[in-house]
Protein chains: 2
Amino acid sequence: MQKNNLYKGSLSTIVLSLLKEQGKMYGYQITREVEKITSGQLKVTEGALYPTLHKLEAKGLLSVEMAKVNNRVRKYYYITEKGKKETANLLNEMKSFISNMEVLINPKLA
Amino acid sequence: MQKNNLYKGSLSTIVLSLLKEQGKMYGYQITREVEKITSGQLKVTEGALYPTLHKLEAKGLLSVEMAKVNNRVRKYYYITEKGKKETANLLNEMKSFISNMEVLINPKLA
DNA sequence: TATAATACCTAAGCAAATTAGGTATGTCAT
DNA sequence: ATGACATACCTAATTTGCTTAGGTATTATA
């Protein structure tokens with residue numbers, strides 16, 4: 001039995017929220033940052049992250065900027081105005097999901 | 001743009017948790033109860049629920065008991081001992097997911 | 001010199017929803 | 001009595017969004 005890292009649908013919310021708060025970041029950095037913030041509890045796999053970044057860029061929620069550091073290419077992503085609006089929506093949905101789950105799994109709140 | 005009702009993977013947790021707390025319930029009743037507890041915010045679709053109930057039964061986490069009420073068949077599900085253990089695991093995973101999401105989306109906590 | 005870390009990427013497979021049907025009975029208003 | 005709605009079960013096709021498992025290439029370290 002292997003465990004999942006993410007509940008489906010949460011990755012876009014995490015990525016947009018991080019970029020909204022922390023400014024531009026590149027993919028690999030996001031994987032490190034999420035691991036750091038959650039004390040290693042949550043790992044964002046690259047196989048999920050890169051397609052998500054491309055999808056968010058295609059939707060116009062993120063923009064990208066190439067940079068060459070130490071002869072290695074980095075793709076810095078930053079959030080657009082459209083992305084900020086969508087982030088607010090996703091955060092509301094996530095908070096609503098969390099509060100619904102909490103009343104459902106916590107008999108004292110129901 | 002349509003909105004999702006559930007984050008993927010959460011339905012089993014909801015069903016097991018409900019049955020652990022409230023004793024035996026039948027499928028249709030679960031859909032009503034979730035809607036009621038969440039003040040109509042969360043709807044469990046039958047297309048998701050029934051396959052989930054069958055899967056949990058096949059895994060030995062739930063047992064089933066037929067009943068005939070008003071000439072209509074009801075299938076009452078109740079949780080097994082194995083199901084109670086698995087519920088505890090799923091609740092821990094859910095709580096961990098929620099606390100991880102909260103530090104990720106809440107800059108003040110990070 | 002090989003292993004790990006950095007940094008990007010894609011494709012196949014799978015799980016778990018959504019969407020959209022279906023059957024059948026009971027209840028209630030017109 | 002007939003149509004609509006609630007009750008109560010069900011399945012199949014499709015979609016989404018992960019995991020798993022690769023791949024390339026450079027730099028740092030043992």
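In what follows, chains carry the letters A, B, and so on, assigned in the order in which the sequence lines appear, proteins first and then strands, with residues in each chain numbered from 1. Just so you know, these numbers use all the heavy atoms, side chains as well, and skip hydrogens, waters and symmetry mates.
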Contact class for [X] (heavy atom, under 4.0 Å): base, sugar-phosphate, or nothing?
{"X": "A:S10", "answer": "sugar-phosphate"}
{"X": "B:E46", "answer": "base"}
{"X": "B:K55", "answer": "sugar-phosphate"}
{"X": "A:G47", "answer": "base"}

Distance, rounded to the nearest Å, where [X] contributes [atom1] and [N] contributes [atom2]:
{"X": "B:L49", "N": "C:dT19", "atom1": "CG", "atom2": "C1'", "result": "16 Å"}
{"X": "B:L16", "N": "C:dA16", "atom1": "CG", "atom2": "P", "result": "12 Å"}
{"X": "A:L56", "N": "D:dC18", "atom1": "CG", "atom2": "P", "result": "10 Å"}
{"X": "B:N70", "N": "D:dT7", "atom1": "CG", "atom2": "C1'", "result": "10 Å"}
{"X": "A:R32", "N": "C:dA5", "atom1": "CZ", "atom2": "P", "result": "8 Å"}
{"X": "A:L6", "N": "D:dG17", "atom1": "CG", "atom2": "P", "result": "12 Å"}
{"X": "B:I30", "N": "D:dT7", "atom1": "CD1", "atom2": "C1'", "result": "15 Å"}

Salt bridge or not for A:K75 and A:E65, using N-O below 4.0 Å?
no

Please answer: with hydrophobic residues joined when any side-chain heavy atoms are less than 4.5 Å apart, are A:Y28 and A:V73 in the same cluster?
no

Please determine, for the side chain of B:K8, which listed nucleotide (D:dA8, D:dC18, D:dT15) has the closest atom?
D:dT15

Tell me which of A:L11 and B:L53 sits closer to the 5' end of DNA chain D, going by the nucleotide each one is nearest to.
B:L53

Closer than 4.0 Å, any side-chain N/O of [X] to the OP1 or OP2 of [N]?
{"X": "A:H54", "N": "C:dT10", "answer": "yes"}
{"X": "A:R72", "N": "D:dT27", "answer": "no"}
{"X": "B:Y7", "N": "C:dA17", "answer": "no"}
{"X": "A:N5", "N": "D:dC18", "answer": "no"}
{"X": "B:Y28", "N": "D:dT7", "answer": "yes"}
{"X": "A:Y50", "N": "C:dC9", "answer": "no"}
{"X": "B:Y26", "N": "D:dC9", "answer": "no"}
{"X": "B:K75", "N": "D:dC10", "answer": "yes"}

Using the ring of each side chain (for Trp, its six-membered ring), is B:Y7 parallel, tilted or perpendicular to A:F97, with breaks at 30° and 60°?
tilted

Given side-chain contact (heavy atoms from CB on, under 4.5 Å), test B:E102 with A:I98 step by step and report yes or no.
CA-CA 9 Å; B:E102 276 172 347; A:I98 288 176; 3.9 Å; yes

For the residue pair B:L16 and B:I79, what are the closest heavy atoms and their distance?
O-CD1, 3.7 Å

Closest contact, heavy atoms only, A:S96 versus B:Q41:
OG-OE1, 3.6 Å

First encountered from the 5' end of DNA chain C, between B:A48 and A:Y76:
A:Y76

